[in-house]
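Just below is one structure, and these are the notes that go with it.
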Amino acid sequence: MHIDPLERKWVYVSLGMAGLFVGVILITALFNDINAPSNVETINSATLHLSKEFAEDNLGVEVKPDGKLVVRMVAARYGFFPRDIEVPADTRITFRWVSLDVLHGVHMPMTNMSTMVVPGFVAELTTVFPKPGKYPLLCNEYCGRGHDHMWSNVTVIAKQHWDKAHQTSQGTESVDGDEENE
Ligand code: CUA
């Protein structure tokens, strides 16, 4: 089969570009821990409120016994619930999002928080907010007539203030967490 030299050159260029892009994705995933912000974990949107994890009382910020932070939130027309959350800066926080109805998107300006919230799936992402401040959470997938008004608030407070507030109530923030400091 005859391949024109110019065509062959372009075949190599396009293969090279594909290889480069795959390489960039692999390198950032393996060395910088940057991954597509979702995992494949299914959930029934119709019975969320009855589920163990996303029942109303379990929403919001949870400090695990080992000090890890998990935030659970429900996106629904038209808001993110709970409406106000407070989290520390300079701390790894895992967000778990579910939708009660249709496709929503979460976007937190000035941060790298951005993910789709697909009904039927749990969208999970882990991030660190470097700067304290008040941030809005905005919906960035058109979800209906109230889409423009779908938002809530995140307050990021300095890590030392957070640690102070949670040391007294938890008593488990220090190294191994098996001392009771009452
Ligand atoms: Cu929710 Cu747009």
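Computed over heavy atoms, backbone and side chain alike; hydrogens, waters and symmetry mates excluded.
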Practice task
Go through Ser99 and Asp101 one step at a time and tell me if the side-chain contact (heavy atoms from CB on, under 4.5 Å) criterion holds.
Solution key: CA-CA 6 Å; Ser99 166; Asp101 38 42; 3.7 Å; yes
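- Although no hydrogens or angles enter the test, the distance criterion places a donor-acceptor pair under 3.5 Å between the side chain of Tyr78 and the main chain of Arg145.
- Between the side chain of Ser45 and the backbone N or O of Gly120 there is at least one donor-acceptor pair closer than 3.5 Å.
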Exercise for the section: Start with the C-alpha gap between Phe95 and Val154, add the side-chain angles, then the distance that decides, and say whether side-chain contact (heavy atoms from CB on, under 4.5 Å) holds. Expected result: CA-CA 12 Å; Phe95 282 84; Val154 177; 5.6 Å; no
Problem - side-chain contact (heavy atoms from CB on, under 4.5 Å) between Val61 and Glu86, worked out - result: CA-CA 8 Å; Val61 185; Glu86 192 176 81; 5.9 Å; no
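- The hydrophobic cluster containing Trp162 also contains Met108, counting ILVMFWY residues as joined when their side-chain heavy atoms lie under 4.5 angstrom apart, directly or transitively.
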Problem - Trace of the side-chain contact (heavy atoms from CB on, under 4.5 Å) decision for Arg96 with Glu53 - result: CA-CA 10 Å; Arg96 287 172 62 75; Glu53 189 181 356; 2.6 Å; yes
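- Ring-plane geometry between Phe80 and Trp97 is classed as perpendicular, the angle between the planes exceeding 60 degrees on a 0 to 90 degree scale with a lower cut at 30.
- By the side-chain contact (heavy atoms from CB on, under 4.5 Å) test, Leu15 pairs with Val11, sequence neighbours left out.
- The shortest distance between side-chain heavy atoms of Leu69 and Pro88 falls below 4.5 Å.
- Under a hydrophobic clustering in which Ile, Leu, Val, Met, Phe, Trp and Tyr are joined whenever their side-chain heavy atoms come within less than 4.5 Å, directly or via other members, Val128 and Leu125 fall into different clusters.
- Residues passing the side chain to side chain donor-acceptor pair (under 3.5 Å) test with Arg77, sequence neighbours excluded: none.
- At least one donor-acceptor pair under 3.5 Å links the side chain of Thr91 to the backbone N or O of Ala89.
- Not counting sequence neighbours, the partners of Asn153 by the side-chain contact (heavy atoms from CB on, under 4.5 Å) test are Asp84, Trp151.
- At least one donor-acceptor pair under 3.5 Å links the side chain of His147 to the backbone N or O of Glu141.
- Inter-residue side-chain proximity for Leu138 and Pro109 is flagged as met; some heavy-atom pair is nearer than 4.5 Å.
- Panel note: side chain Tyr12, backbone Ser14; no donor-acceptor pair is recorded below 3.5 Å.
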